[in-house]
Amino acid sequence: MTTNQRGCVTLIGVLIFAAVFCVGVPLVLLPSFRTATTLPVITVPPEYYREDWPGWNIPVFGFNEIVNTQGAALLATIIVLLIALRARQLSNG
């Protein structure tokens, strides 16, 4: 058996394991034993940087106020882009 074949067999085994124990047991097997499986609904309201900011009035995208998750996502995107550009520069020599 080649390395590629062994890797494919391992991947298929992991996918089958995940399907059985992440989907089959909680969503198929447990309800058959009258054991309820519920997924909790976690709702956390956003934290605003400042409540009195006017925000972006773009009704298409729903940006009314700037919240902390938008700022964190923007910062993470900028960091990933900078790392990717630096890696590209280093790979080109």
| Atom CG of Leu15 and atom OG1 of Thr10: how far apart are they, to the nearest 0.5 Å? |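 Separation between the atoms: 11.0 Å.
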| request: Please list all pairs passing the side-chain hydrogen bond (donor to acceptor under 3.5 Å, both in side chains) test where one or both residues lie in residues 73-87, with sequence neighbours left out. | output: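 side-chain hydrogen bond (donor to acceptor under 3.5 Å, both in side chains) check on residues 73-87 returns Arg86-Gln89.
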Among residues at least two apart in sequence or on other chains, which ones pass side-chain contact (heavy atoms from CB on, under 4.5 Å) with [X]?
X     : result
Thr43 : Val41
Ile78 : Leu74, Leu82
Ile16 : Ile12, Val20

| task | Of all the heavy-atom pairs spanning Arg6 and Met1, show the shortest one and how long it is. | result |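 Looks like NH2-O, 3.5 Å.
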| In the hydrophobic clustering (ILVMFWY, side-chain contacts below 4.5 Å, transitive), which residues join Leu75, or is it alone? |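 Joined to Leu75, directly or through intermediates: Ile79, Ile83.
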